[in-house]
Participant: 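Could you have a look at this structure, given as C-alpha cells, before my questions?
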There are 2 protein chains.
Amino acid sequence: MIDKLEFLLALAREKHFGRAAEACGVTQPTLSAGVKQIEEQMGVLLVRRGSRFQGFTPEGERVLEWARRIVGDTRNMREEINSLRHGLSGRLRIAAIPTALAMVAALTTPYRERHPHVQFTIYSRTSVEILELLENLEIDAGITYIENEPLGRVSIVPLYQEHYRLLTAADAPLGDRDKVTWAEVAQVPLCLLTPDMQNRRIIDRLLKSAGGESRPTLESDSMILLFSHVRTGRWASVMPAKIAETLGLTDTIRAIPITEPDAVHTIGLVVPKREPMTPTTAALVEEAKRLAPMLDS
Amino acid sequence: MIDKLEFLLALAREKHFGRAAEACGVTQPTLSAGVKQIEEQMGVLLVRRGSRFQGFTPEGERVLEWARRIVGDTRNMREEINSLRHGLSGRLRIAAIPTALAMVAALTTPYRERHPHVQFTIYSRTSVEILELLENLEIDAGITYIENEPLGRVSIVPLYQEHYRLLTAADAPLGDRDKVTWAEVAQVPLCLLTPDMQNRRIIDRLLKSAGGESRPTLESDSMILLFSHVRTGRWASVMPAKIAETLGLTDTIRAIPITEPDAVHTIGLVVPKREPMTPTTAALVEEAKRLAPMLDS
DNA sequence: ATGGGTTGATAGATAAAAGCTATCAATGAT
DNA sequence: ATCATTGATAGCTTTTATCTATCAACCCAT
C-alpha cells in the first residue's frame, strides 16, 4: 500500500508514467497497475488520463497530500529506528540558493563533528525549486529566503541577513570608496545571476527603487563564474557579503558595502513541518539555531 | 506494510498474539509473521517474547507511536475521499464519561440534522479508558474532564462546567433547602459512582476538603441505577446538574445546588490532535464549538 | 492525409508473498 | 506429573505483484 502511494508521488513529480516507474525502480505497467489499484480502493479516479498524463483530479490532489505525509512519516520512522541502533547516520539532503552555498559549510562542519556517520548531499537550486523539492520529500532541508514562506507547511530557522557588497577592482570607478549607495551601483555595468534566481530579482528591485535600472553586461547561474570575471579586474558584480568573503578578496579586488538600504532579506533553514522530525533533520535544526547568533555579526 | 502496522497496533491493545490476530481478521501465524517481517525490515526486535507476549522493546514503542500516526492518517485519507464523493458519511465513535452521557444528545442531534448519513456509536467509559481508546484509534472523540489533559496529543473543545446537585426527597434531611454546602452534604448517606470513576473521586475530594468523608451507602457504575434509587425517596445522591435535569425531576425529588465551591471541573470534547482531521470529526468539533456557548448558562 | 514517435493500457506468464491448517515446543499452573 | 496456554514453525494453497510483449490512441511533422 505504501509502495503504491510512492508511485503516486513519483507520478506527481515526473508527470509521466514511464519516468515515474523508472524512478520507482519498476516497469511502467506495474506503476499503472499500482495507481489503478489505489483508485479502486478509493472508489474514485485520481489521475486524469487521455493517452497521456493530464494531471490529477481534485480527489487525486487530496490523496497526494495525504500520501506525502504518510510516505514521509514512514521514512522518518525507519530513520529514527536506525538512529536508535547506530547513532545518527544516513544521508542528509540539503538544497541551498547559490548565494547561500558559501555558508553551508558553517552548518555542515560542526554537524559532522557531532555526528560523523551522517553523509551529505548538497544541491544548488533556486528558491522556488527548493520549495518543490521539500514538498516532494526529495530533500530534507533547504537554505533559502525565508520571507513570505507559507508558514504551516515548513518550519523555519532564521540564519542571517543578506548584506550586499559591490565587488570591483580597486582602480575601477567607485573602487576607492568605503561605501556606496544602490543609486551609485546602478551606474556600473554588472555581472549578475540569471533572472530565474531570486537573488537577482531582489537586486533588480533594489536598483530600480534607487532610480536605476538593471542592465547586466553578463549573466550566469554560477557564482563561481561571476566571481572569476570580477577577479580579472575588468568586471564588477553585486554579491551578498557572506559569499564575497568566502570567495576570497585580493588586494586588487574590493568588496564595498552598499547602503540605503543596508540589508533587506533574511536567509534561513527551512525544513518540513512535521512532528517529530527525523533525528538527522532535528540535529540540523539544532545546529542552525546554535549557529544563527554567531552569523549575524 | 500498513496492514502489518495494524497488526502491531492490535497487538499493543490486546497484548496477546491470538486475540490481536482475531481482531485483525487473520490467523495467529499470519500475525506473527507480519510482526516478524516488520522487525526484519527495521532490523530490530520490537516485541519482547518468551513463550508469551511480554510487551514491546523501546524501539517497539517508538514504532508503535509512528504506526498509530501512519495508520490513523491512512484511515483519515480514506474517509476524506469518501466524504468528497458522498458527503459526510460513515460512523462516528464517541466515548463519554457517565455523567456526561446526558448531554451527548445535545451534540448528536444537531449534527444529525446537518449530516444525516453519519452513524453514531456511543460508549460509556471512564475518563482513563477514554484516553486509551483515543490513543488506539478505537474512538474518534471523547467527552470527558479536560483538566490536566496531556496537551499536544489531543485537541480540546470546552463544553460546560459541572455544577453539582444534591438529589434527595423533599421530605428528607436538607430536602427543603434552596442550596446546601459540601460540608452539609458530607453528613448525608449517599449513592455514588464507583471509585474508578473520576467523577466519584472529584466528589470525594470536595467532600473531604469540606471536612467531611465519603462513606457512600451504595456504589454503582450506572447513573441510571443511582437515580432509580434516589427516586424511591429513601436515598440521596450527588450528580452534575446536567444529568440530574435530564433524568427528570418529580415533585417529590429535588435537585439542590451545592455551593462552596460551586463548580470546579470542566467537561469538553477531546479529539486526536492531527491535521487535518477526518471530515466527520471536524464537523463534530464545529458542532461542539457551536454548542458550548449555549450550554454554560 | 499519412507515417513515425510517444504514451499509457492490456494480456499472458511467472515469480513472490501472504495466508491458512496442522503441529510443535516452551512455559506455567494445578 | 499433567494439562492448558501461548507463540513459533512447516508445508501447502491462494492471491498478488511484477515482468515482457504488444496494442491502441494520440501528437506532430511532413
Side-chain angles (χ1 to χ4, degrees), chain A residues 1-61 63-64 67 70-71 74-75 77-78, chain B residues 1-61 63-64 67 70-71 74-75 77-78:
Chain A
M1 177 76 208
I2 287 178
D3 314 323
K4 315 294 170 61
L5 292 179
E6 301 225 32
F7 290 177
L8 224 55
L9 293 188
L11 188 55
R13 300 200 277 284
E14 307 286 349
K15 305 185 200 314
H16 186 288
F17 278 73
R19 282 196 294 277
E22 195 183 7
C24 294
V26 297
T27 59
Q28 170 263 315
T30 300
L31 186 128
S32 284
V35 171
K36 182 181 283 183
Q37 190 183 318
I38 302 183
E39 287 180 326
E40 276 162 13
Q41 282 189 26
M42 297 286 171
V44 205
L45 278 185
L46 302 177
V47 176
R48 291 192 298 124
R49 298 149 157 108
S51 91
R52 61 186 54 219
F53 178 79
Q54 292 184 314
F56 290 85
T57 64
E59 291 87 353
E61 296 286 351
V63 171
L64 214 51
I70 293 166
V71 169
T74 307
R75 292 188 194 167
M77 171 175 70
R78 292 216 144 80
Chain B
M1 176 76 206
I2 288 180
D3 313 323
K4 314 293 171 62
L5 292 179
E6 301 225 32
F7 290 177
L8 224 54
L9 292 188
L11 187 55
R13 291 201 286 283
E14 307 286 349
K15 308 187 198 313
H16 185 287
F17 279 73
R19 283 196 294 278
E22 194 184 8
C24 294
V26 297
T27 59
Q28 170 263 314
T30 299
L31 188 129
S32 283
V35 171
K36 182 181 285 184
Q37 190 182 317
I38 302 184
E39 288 180 326
E40 277 162 13
Q41 282 189 25
M42 297 286 171
V44 204
L45 277 186
L46 303 176
V47 176
R48 292 191 297 125
R49 298 147 156 108
S51 90
R52 63 186 54 220
F53 178 81
Q54 292 185 313
F56 291 85
T57 64
E59 291 87 354
E61 296 286 352
V63 171
L64 213 52
I70 292 166
V71 169
T74 307
R75 292 187 193 169
M77 171 175 70
R78 293 215 143 81

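Treat the numbers as computed from the prediction; the structure is a model and nothing was measured. Quick note: numbers below take in every heavy atom, side chains included, and nothing from hydrogens, waters or symmetry partners. Proteins come first, then strands; the chains are lettered A, B, ... in the order of their sequence lines, and each starts at number 1.
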Participant: Please give, in whole Å, the distance from D:dT16 C1' to B:Met1 CE?
Facilitator: 18 Å

Participant: Just to confirm, is there a sub-4.0 Å distance from OP1 or OP2 of D:dC19 to any side-chain nitrogen or oxygen of A:Thr27?
Facilitator: yes

Participant: Would you kindly give the CZ-to-P distance between B:Arg48 and D:dT6, to the nearest whole Å?
Facilitator: 18 Å

Participant: Are B:Phe56 and B:Val63 close enough that some pair of their side-chain heavy atoms sits under 4.5 Å apart?
Facilitator: no

Participant: Please report, rounded to the nearest Å, how far the P atom of C:dC20 is from the CG atom of B:Leu31.
Facilitator: 10 Å

Participant: Atom CD of B:Gln37 to atom P of C:dA16: distance rounded to whole Å?
Facilitator: 15 Å

Participant: A:Glu22 CD to D:dT20 P: how many Å, rounded?
Facilitator: 13 Å

Participant: So if I define the base as every atom that isn't primed, P, OP1 or OP2, how would nucleotides 4-15 of chain C read as a B/S/- string at a heavy-atom cutoff under 4.0 Å?
Facilitator: ---SBBB-----

Participant: Considering all heavy atoms of both residues, which atom of B:Thr74 and which atom of B:Ile2 are nearest to each other, and what is their separation?
Facilitator: OG1-CD1, 3.4 Å

Participant: Tell me the ring-ring contact (aromatic ring centres under 6.0 Å, His included) pairs involving residues 3-40 of chain B, sequence neighbours left out?
Facilitator: none

Participant: Considering all heavy atoms of both residues, which atom of B:Glu39 and which atom of B:Leu46 are nearest to each other, and what is their separation?
Facilitator: OE2-N, 2.8 Å

Participant: Between C1' on C:dA18 and CD1 on B:Ile2, what's the gap in Å once rounded to a whole number?
Facilitator: 17 Å

Participant: Given the rule in the side chain to side chain contact (heavy atoms under 4.5 Å, CB included) test, do B:Leu5 and A:Met1 qualify, once you have shown the distances and angles that lead to the verdict?
Facilitator: CA-CA 11 Å; B:Leu5 292 179; A:Met1 177 76 208; over 6 Å; no

Participant: Please indicate whether A:Glu22 has more than 12 foreign heavy atoms, meaning atoms of other residues, nucleotides or ligands, lying under 6.0 Å from its CD.
Facilitator: no

